[in-house]
Protein chains: 2
Amino acid sequence: MANMAKNTDFSFTAIEWEEDHLRIIDQTFLPSREIYTNLNNAGQVWEAIKHLKVRGAPAIGIAAAYGLYMGAREIPDSTFESFYLEVERLNEYIATSRPTAVNLQWALDRIMTTLQAHKDKEVSELKEIMLDTAKTIHQEDQRLCKLIGENGLEVISNNASILTHCNTGGLATARFGTAFSVIWHAHDSKKLKQVWVDETRPLLQGARLTSWELKKEEIPFKLITDSTAGFLMQQGLVDIVVVGADRITANGDTANKIGTYSLAVLADAHDIPFYVAAPYSTIDLALEDGSEIPVEERNSEEITKIGNKEIAPPKTKVYNPAFDITPNRLITGFITDKGIIKPDYKKNLQKIVEETSVEV
Amino acid sequence: MANMAKNTDFSFTAIEWEEDHLRIIDQTFLPSREIYTNLNNAGQVWEAIKHLKVRGAPAIGIAAAYGLYMGAREIPDSTFESFYLEVERLNEYIATSRPTAVNLQWALDRIMTTLQAHKDKEVSELKEIMLDTAKTIHQEDQRLCKLIGENGLEVISNNASILTHCNTGGLATARFGTAFSVIWHAHDSKKLKQVWVDETRPLLQGARLTSWELKKEEIPFKLITDSTAGFLMQQGLVDIVVVGADRITANGDTANKIGTYSLAVLADAHDIPFYVAAPYSTIDLALEDGSEIPVEERNSEEITKIGNKEIAPPKTKVYNPAFDITPNRLITGFITDKGIIKPDYKKNLQKIVEETSVEV
């Protein structure tokens, strides 16, 4: 992977292309064990995404792209049409691993578009183009994440205590993460006092994964329950809140992990700046505002069981939305690869999306 | 227990005096199993409180009072002075079971005061007086809890969705509970649509205990993670928030389970009424405002482990306050045994405490 920029300052790589296979940290063993596993074909990639060995929207997209290539390289060289048909079937198969992950389909579609653009080429060449496109998606994510972190420094005061939510780090992306990249760069620039990590129920991505990453990077932090955030703010112990995003609509309304909206309201009530860190690809101009985002409800057992332990009575009914929607008025700004975006969001978000050209 | 008012409408009794011993639900088995256990002497009461078989401030006070009697009845009849000395030692012993529980010491002290008031009596009579005082404390709590529930109806609109926090029900009190009593009476009066129960991390009293009680009473409810409350309010799905209290200061500032303050801020931001349900005995006029309440921090493992499962990396630092403080301005009113208390809290809280005469 000679053309992949290495940054030795960031202490691990959750997803890496090694000559002819993908190597990932198996996130299901975290935080107790750091186990790497090789994925050698499309089936293994499907299984790894399905069973959350790799998670985080950008990381899933990257894995899927390599997975599509590894599936395609096994198809015998023939005509473009028959090759493309086979790849389309692979695409559909890989997409079933996490049907709701937007980045997954985005990455797969990007490869399909690239194939169409090169339909005059030999199939053997097309396979190499697929691998190159997967690497491009991978590299681009690294670059965007680093830019987000660097750009974020502008809004971090000296000796800052930053509160964050869920996992937005090197596990969820190619490297550095989104909100986590801002934290990493603040620490690297000696602007950080400490991080407050909320555990992020129900799946505990804060406690399990963000804590693990912060330990790894030797960044000082304390873990809290989600409901402790307000009390921290009341005591003046939080200088800024920085979170990631699942989807940002044209007017700046933002879908993110459940609990984000509560943090935004609490930050507003305590006059604490609230920032959303995300790359341009998270902005969805097709949706006008948050009311158009469908709210995914997940299964009850995420709340009623922890591991194999039942923590609620049998047949307890649950309301378990995977994310919530924070209205634009509660967002102080967006930290993006193109810099800090302030209101008017409708105008300024559209501008950065239009400025971005994607390599094909 | 002929003199103990029975209410067959409330479906269980977590703590009951049976002729010569105490019978409790062992809460450590909930919600998976409903197991009753007999406590026959002071040592067994100490052990039950220590290991959270009985929990909830009023319930602990009641158990401790009976425990003190069961210890005293084994002391040979002699002079008042030597008997009183032995009871004092028992008092100190029982108090070590949960050193931070205010109601525990309050109940024990009330018995000591009663003994002093009857120092001219025979020791055999004093033992009976101790049992009677324990029963009085027990009965009084039942009566206050029922009054809180009945009085609460005044602030519950028809077809109300009530959000509550932690466990404030029949497990934590003699019967009916505090905030739970309001819910129970709202359901009994057909004013309730449903209850939203937040799980209440870290110890999950909402998921484990309140859910169990609501099932038992056949009251419709849904369980949510703590961080989902804001999103529910945003969608207009919460009509009123009712919580309990650990301590209410003279100006109405209220200490309660961690997460209460966040709910109060969220309710305020959504113009949702926020009520605190508590008996007069929770009002502590000795403290002027919330800044005088010491904040107890509990151990890290409550957050980093669930059951025996580690959910954070080894040596993760934690901030784990047991409760937070909600300022009076965020409290719409107090639901008490004396009725609904509205501002001016300083004047009106003092008034209800002064009106109350305790039997000795």
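Numbers restart at 1 for each chain; the letters A, B, ... are given by sequence-line order, proteins then strands.
A/Glu34 has its side chain within reach of A/Trp212: a pair of non-hydrogen atoms, C-beta onward, lies under 4.5 Å apart. A/Thr326 places none of its side-chain heavy atoms less than 4.5 Å from the side chain of A/Asn256. Considering only heavy atoms from C-beta on, A/Glu292 stays 4.5 Å or farther from A/Thr249 through its side chain. A 4.5 Å side-chain heavy-atom check between B/Val265 and B/Leu330 finds at least one atom pair inside the cut-off.
Taken from CD in A/Glu217 to CZ in A/Phe10, the straight-line distance is 4.5 Å, to the nearest 0.5 Å. Rounding to the nearest 0.5 Å places CH2 of B/Trp184 at 4.5 Å from CG of B/Asp9. Rounding to the nearest 0.5 Å places NZ of A/Lys317 at 14.0 Å from OG1 of A/Thr304.
A/Leu204 touches chain B through its side chain: at least one heavy atom from C-beta onward sits under 4.5 Å away, while N, CA, C and O do not. Proximity to chain B (any heavy atom under 4.5 Å) is shown, for A/Lys257, by neither the backbone nor the side chain. Of the two parts of B/Asp324, the backbone and the side chain both hold a non-hydrogen atom closer than 4.5 Å to a non-hydrogen atom of chain A. Only the side chain of B/Leu232 comes within contact range of chain A, judged by heavy atoms closer than 4.5 Å. Contact of A/Tyr261 with chain B is made through the side chain alone, with heavy-atom distances under 4.5 Å. No part of A/Leu263 comes within reach of chain B, as not one of its non-hydrogen atoms sits under 4.5 angstrom from that chain. Neither the backbone nor the side chain of B/Ser32 comes within contact range of chain A; no heavy atoms are under 4.5 Å apart. The contact between A/Pro202 and chain B is made by backbone and side chain atoms together, counting heavy-atom distances below 4.5 Å. Using a 4.5 Å cut-off between heavy atoms, A/Val295 contacts chain B through its side chain alone, with no backbone atom that close. Neither the backbone nor the side chain of B/Glu302 comes within contact range of chain A, judged by heavy atoms closer than 4.5 Å.
B/Ser262 and A/Leu266 get closest at one heavy-atom pair: OG-CD1, 3.8 Å. Scanning both residues, B/Val197 and B/Ser211, for their nearest heavy atoms gives CG1-OG, 4.3 Å. Between A/Thr168 and A/Thr210, the shortest heavy-atom contact is N-OG1, 4.4 Å. Of all the heavy atoms in A/Gln205 and A/Thr200, the pair that sits closest is OE1-O, 3.5 Å.
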Candidate pair A/Tyr345 and A/Asn251, rule side-chain contact (heavy atoms from CB on, under 4.5 Å), full reasoning: CA-CA 6 Å; A/Tyr345 290 136; A/Asn251 76 340; 5.9 Å; no
Full working for side chain to side chain donor-acceptor pair (under 3.5 Å) between A/Arg201 and B/Ser227: CA-CA 8 Å; A/Arg201 282 282 290 148; B/Ser227 79; over 6 Å; no
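Listed options B/Met233, B/Lys309, B/His270, B/Glu310 were ranked by heavy-atom pairs under 4.5 angstrom with chain A; first place goes to B/His270. When the candidates A/Arg208, A/Glu199, A/Lys315, A/Gln235 are compared by the number of heavy-atom contacts under 4.5 Å with chain B, A/Glu199 comes out ahead. Of the listed residues (B/Asp226, B/Ile303, B/Ile258), the greatest number of heavy-atom pairs within a distance under 4.5 Å of chain A belongs to B/Ile258. Your options are A/Asp268, A/Ile224, A/Ile325, A/Ile306, and the one with the most heavy-atom pairs under 4.5 Å with chain B is A/Ile306. Of the residues considered (B/Ala269, B/Ser300, B/Gly259, B/Pro314), B/Gly259 shows the highest number of contacts with chain A, using heavy-atom pairs under 4.5 Å. Between chain A and the options B/Thr225, B/Ile311, B/Thr228, B/Leu30, heavy-atom pairs under 4.5 Å are most frequent for B/Ile311.
Using a 4.5 Å cut-off between non-hydrogen atoms, no part of residues 237-248 of chain A approaches chain B.
Under the ring-ring contact (aromatic ring centres under 6.0 Å, His included) criterion, no residue pair touches residues 216-235 of chain B, with sequence neighbours excluded.
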